[in-house]
Protein chains: 2
Amino acid sequence: MGMGRPREFDAEMALDQAMEVFWRHGYEGATIAQLTEAMGINPPSLYACFGNKEGLLKAALDRYTKLRNIWMDEVVAAPTARAVAERMLMGIADKQTDPANPPGCLLVQGGIACGTGSENVPFELAARRAQNEDQLRDRFVRAKAEGDLKESADPAALARYVSAVSVGMGVMASSGADREALRQVAKVAVQAVEAQSSDRPQ
Amino acid sequence: MGMGRPREFDAEMALDQAMEVFWRHGYEGATIAQLTEAMGINPPSLYACFGNKEGLLKAALDRYTKLRNIWMDEVVAAPTARAVAERMLMGIADKQTDPANPPGCLLVQGGIACGTGSENVPFELAARRAQNEDQLRDRFVRAKAEGDLKESADPAALARYVSAVSVGMGVMASSGADREALRQVAKVAVQAVEAQSSDRPQ
DNA sequence: CCACATCTGTAGTGAACACTACATATCTGG
DNA sequence: CCAGATATGTAGTGTTCACTACAGATGTGG
């Protein structure tokens, strides 16, 4: 029993192309024809490798969040809650306006509302956004324990807040906001975290 | 020459139903069959009255923004920049979790990314969000002139910030965040506006 | 070289989509 | 009561969609 004909395309490079299509057109707006053309393969290869359209999206999301998690680890490595928020939001301002990618964030652009048969796509995206929020919350819990955040601070609320601002910036970016506009938003947003930070030096 | 057979349905009530469908499923996710069933009419009536699917969306958006503008007038009537932000964001927390409507905001749920043939839908929504941002900016410009905001404050950046937080809250609401969670975000967000407010009493 | 397994390209499949032709119904103005 | 005008309901239209049957190509194990 042989192992069969080997795949002629690189799955990760194909995923990068699919990711870009989903990012730009959303899950429902992306067609199999667009995806296969961008990936440089034919539909049967796509279905053999990823199952169906939703499987392809999940694989693309896995790749996206994998890269994003590496960056998030750097974010939460910042020394204070304020620095974490600043590094996160200023970084997002830059990432979401990086001309190498479509504007905005795949976890938002992928699909906020979907039609019948794709109802779980928005849930899937929300679950991945929640992972980042959880990581932020854990970091802010630590910041409070370290006395970096005030006793009155609510780490979970702060994490939700930073996550919400990130999402809002993503929508703004996808509708044409430039990098400077997003940086201004980030700077203002950080002040709310600063307001919950302890006055004593870290 | 007679005036023809009169319309048998109420256009505004039908629009309310269409608005709800777009709100829940997005522009692309909403089908003509869903829309006509919710509106209680047949496709020819829809097309005679609204032109096409996109015309129906615009009519629904007109109705949505009309109601929203009435509320925004109340928001910017608050006495200080901080009070404006608080009234806006706390109100949004409540509105976006009002069980009488689908969760979130139609100007976000309607469509952030769309496929070929609907590219201008996201632009249309962004333009209407920008109207609210402009109104906020004008209000914050006034607040700065009145000494309510610090000399270092940037009214345009503040308006963009509040708008971004609103959008972020809308996405959170549509993915299941409850009212209390959104209120927490609003409370944190207001602190950034407070940080740019003058210390002297108004 | 052969049996077998997997991939690839061509060319479709049925279903769902936005939209409409057409006959009929219901109004106004004369 | 009639002519013109517009709305309605039925029943479609062509197009596009996600997805796949099938035949041929390309690999491995014996």
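Letters A, B, ... mirror the listed sequences (proteins, then strands); counts begin at 1.
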**Asked** Who pairs with Glu124(A) by side chain to side chain donor-acceptor pair (under 3.5 Å), at least two apart in sequence or on another chain?
**Response**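 With neighbours one apart ignored, the set is Arg128(A).
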**Test side chain to side chain donor-acceptor pair (under 3.5 Å) applied to Arg87(B) - qualifying residues, sequence neighbours left out** =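 Arg87(B) satisfies side chain to side chain donor-acceptor pair (under 3.5 Å) with no other residue.
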**Request:** Spell out, as yes or no, whether a donor-acceptor pair under 3.5 Å connects the side chain of Lys66(B) to the backbone of Leu61(B).
**Result:**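 The answer is no, because no donor-acceptor pair under 3.5 Å joins these two groups.
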**Prompt:** Ignoring hydrogens and geometry, is there a side-chain-to-backbone donor-acceptor pair from Ser118(B) to Val121(B) under 3.5 Å?
**Reply:**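 No: the side chain of Ser118(B) does not pair with the backbone of Val121(B).
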Polar-atom pairs under 3.5 Å, protein N or O versus N or O of nucleotides 24-27 of chain C: list them with distances, or write none.
from, atom 1, to, atom 2, distance (Å)
dA25(C), N3, Arg5(B), NH1, 3.2

Could you go over nucleotides 19-23 of chain C and give all protein N or O partners under 3.5 Å, atom names and distances?
from, atom 1, to, atom 2, distance (Å)
dC19(C), OP2, Tyr47(B), OH, 2.9
dC19(C), OP2, Lys53(B), N, 3.0
dC19(C), O5', Tyr47(B), OH, 3.3

Atom pair distance, as rounded to whole Å: [atom1] in [X] and [atom2] in [N]:
{"X": "Leu35(A)", "N": "dC19(D)", "atom1": "CG", "atom2": "P", "value": "11 Å"}
{"X": "Gln34(A)", "N": "dC17(D)", "atom1": "CD", "atom2": "P", "value": "8 Å"}
{"X": "Phe9(A)", "N": "dT6(C)", "atom1": "CZ", "atom2": "P", "value": "15 Å"}
{"X": "Met39(A)", "N": "dT8(C)", "atom1": "CE", "atom2": "C1'", "value": "14 Å"}
{"X": "Arg7(B)", "N": "dA5(D)", "atom1": "CZ", "atom2": "C1'", "value": "14 Å"}
{"X": "Phe50(A)", "N": "dT8(C)", "atom1": "CZ", "atom2": "P", "value": "11 Å"}

**Message:** Please tell me whether Glu54(A) and Asn120(A) have a donor and an acceptor in their side chains that are separated by less than 3.5 angstrom.
**Reply:**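 Yes - a donor-acceptor pair under 3.5 Å links their side chains.
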**Message:** Side chains of Asp73(B) and Gln135(B): any donor to acceptor distance under 3.5 Å?
**Reply:**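 Yes, side-chain donor-acceptor contact under 3.5 Å.
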**Asked** Taking for each residue the nucleotide of DNA chain D with the nearest heavy atom, is it Ala33(A) or Ile41(B) whose nucleotide lies nearer the 5' end?
**Response**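 First, find each residue's nearest nucleotide; the 5'-ward one identifies Ile41(B).
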**Asked** Out of curiosity, Gln109(A) CD to Cys114(B) SG, how far, rounded to the nearest 0.5 Å?
**Response**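 The SG atom of Cys114(B) is 10.0 Å from CD of Gln109(A), to the nearest 0.5 Å.
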**Request:** Measure the spacing between OG of Ser163(A) and CE of Met169(B) and express it to the nearest 0.5 Å.
**Result:**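 If I round to the nearest 0.5 Å, the distance is 13.0 Å.
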**Asked** Which angle, to the nearest 10 degrees, lies between the helix axes at the two ends of the helix from dC1(C)-dG30(D) to dG30(C)-dC1(D), each defined by five pairs?
**Response**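 The angle separating the two end axes equals 10°.
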**Message:** Taking the six-membered ring of Phe9(A) as reference, does the cationic atom of Arg7(A) (NZ for Lys, CZ for Arg) lie under 6.0 Å from its centre and within 45° of its axis?
**Reply:**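 Yes, cation above the ring, under 6.0 Å and within 45°.
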**Message:** If the test is side chain to side chain contact (heavy atoms under 4.5 Å, CB included), which one of Leu182(A), Val84(A), Val162(A) qualifies with Leu89(A)?
**Reply:**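 Answer after filtering Leu182(A), Val84(A), Val162(A): Val162(A).
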**Prompt:** Does a nitrogen or oxygen in the side chain of Ser45(A) sit under 4.0 Å from OP1 or OP2 of dT8(C)?
**Reply:**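 True: Ser45(A) side-chain N/O within range (under 4.0 Å) of dT8(C) OP1/OP2.
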**Item:** Results of ring pair (Phe, Tyr, Trp, His ring centres under 6.0 Å) for Phe140(B) - residues two or more places apart only
**Value:**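 Counting only residues at least two positions away or on another chain, Phe140(B) forms no ring pair (Phe, Tyr, Trp, His ring centres under 6.0 Å).
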